[in-house]
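Just the heavy atoms: all of them, side chains too, but no hydrogens, waters or symmetry mates, feed the values below.
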Amino acid sequence: MSEIRVVIIEDHDLSRIGLSAALQQVEDIKVVGEAANGRQGLQILATTKPDVAVVDIGLPDIDGIAVTQRLKQSQDNADAARTKVLILTMHKSENSVMAAFAAGADSYSLKDVSLENLVRAIRTTNEGNAWIDPTIARIVLKQTRQPIPNEPPKTVEERSLANTRTISSLDTEAQQMIETYPLTDRELEVLELIVAGCNNLQIAEKLYITVGTVKTHVRNILNKLCADDRTQAAVRALRSGLVE
């Protein structure tokens with residue numbers, strides 16, 4: 001497994017030091033630089049040219065969105081080895097999320113993410129794919145689903161197709177799985193509650209079923225969506241339209 005070189009730009013010393021120490025324990029990740037503000041971060045990025053920059057938005061001099069924009073402007077879009085940006089922040093307002101992606105951020109995660117999911121986010125970002133925290137995924141999806149102004153009225157057939165739960169945005173493997181083994185109505189109910197952030201006990205109480213039954217449904221959902229965990233299943237559900 002190739003090593004992923006990471007720079008952390010975070011103004012809170014304890015958060016930065018703790019995150020760096022945690023990531024250094026991960027076999028395929030190497031922290032090659034740290035910065036406590038945006039300007040210092042840009043200098044380190046220019047010097048180290050890491051694979052992934054983990055950037056906080058609330059920096060004391062120039063914010064993480066400006067750092068992202070300046071970094072992306074300095075890079076050649078044709079260069080496959082350019083540094084990718086994972087925003088790691090407490091900010092989850094629509095303005096912050098959309099401004100970060102507009103500036104060129106590749107992925108976006110909230111700071112309450114588990115270390116396991118943060119490592120997954122770094123790996124996913126390094127591979128050139130977007131990792132979006134389920135909590136803010138709805139914001140991104142809402143923007144991509146904005147209606148076209150003056151759109152002509154849809155026919156009955158078009159309206160019917162629009163209301164169908166499509167799976168076009170899933171990868172080929174997941175799409176084939178879900179077409180072969182579609183989610184049941186109960187599994188869709190469980191999936192909606194997973195996206196809402198409910199744990200197994202909460203799902204059991206809401207659906208009046210046992211926790212054991214919930215675990216079975218969750219396992220089936222993960223298998224059908226080709227997802228490694230609940231977070232990935234939630235993101236895929238939102239991206240594909242399985243859950244609105």
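Not a single donor-acceptor pair under 3.5 Å links the side chain of Asp56 to the backbone N or O of Asp11. In this structure, Glu10 contributes its side chain and His12 its backbone to a donor-acceptor pair below 3.5 Å. A distance-only check finds no donor-acceptor pair linking the side chain of Asp106 to the backbone of Thr125 [under 3.5 Å].
Every residue meeting the side chain to side chain contact (heavy atoms under 4.5 Å, CB included) condition with Leu201, not counting sequence neighbours, appears here in chain and number order: Asn199, Glu205, Val211. In this view, Thr68 and Lys72, Val85, Ile87, Ala103, Ala105 satisfy the side chain to side chain contact (heavy atoms under 4.5 Å, CB included) rule, not counting sequence neighbours. Residues satisfying the side chain to side chain contact (heavy atoms under 4.5 Å, CB included) test with Asn117, not counting sequence neighbours, are Val113, Ser114, Arg120, Trp131, Asp229, Thr231. For the side chain to side chain contact (heavy atoms under 4.5 Å, CB included) test, residues two or more places apart in sequence or in another chain that qualify with Leu115 are Ala22, Leu23, Val119.
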- Message: Please determine whether side-chain contact (heavy atoms from CB on, under 4.5 Å) holds for the pair Ile9 and Gln40, giving the CA-CA distance in whole Å, both sets of side-chain angles, and the decisive distance to 0.1 Å.
- Response: CA-CA 9 Å; Ile9 305 176; Gln40 181 186 9; over 6 Å; no
- Message: Assess the residue pair Val6 and Lys30 against the criterion (side-chain contact (heavy atoms from CB on, under 4.5 Å)); give the C-alpha distance rounded to whole Å, side-chain angles, the decisive distance to 0.1 Å, and a yes or no.
- Response: CA-CA 6 Å; Val6 173; Lys30 180 179 181 180; over 6 Å; no
- Message: Quick one, Thr213 with Thr216, criterion side chain to side chain donor-acceptor pair (under 3.5 Å). Give me CA distance, side-chain angles, the key distance, then yes/no.
- Response: CA-CA 5 Å; Thr213 301; Thr216 299; 6.0 Å; no
- Which is it for Glu34 and Ser20 under the side chain to side chain donor-acceptor pair (under 3.5 Å) test, yes or no, and what are the steps along the way? CA-CA 8 Å; Glu34 301 175 26; Ser20 177; 2.8 Å; yes
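For the pair Arg123 and Asp28, the minimum side-chain heavy-atom distance is below 4.5 Å. Under the 4.5 Å side-chain criterion, counting only non-hydrogen atoms from C-beta, His91 is in contact with Tyr108. Side-chain contact between Leu183 and Lys224 is present, with at least one heavy-atom pair separated by less than 4.5 Å.
Between Ile203 and Arg230 the shortest heavy-atom distance is CD1-NH2, 3.8 Å. Looking at every heavy atom in both residues, Glu187 comes nearest to Ile221 through O-CD1, 3.3 Å.
Residue Tyr208 is found outside any hydrophobic cluster, as its side-chain heavy atoms come under 4.5 Å of no other Ile, Leu, Val, Met, Phe, Trp or Tyr.
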Quick one: side chains of residues 44-54, donor-acceptor pairs under 3.5 Å with protein atoms, not counting sequence neighbours, listed by atom name and distance.
| unit_1 | atom_1 | unit_2 | atom_2 | d |
| --- | --- | --- | --- | --- |
| Thr47 | OG1 | Gln43 | O | 3.0 |
| Thr48 | OG1 | Ile44 | O | 2.7 |
| Asp51 | OD2 | Arg5 | N | 2.7 |

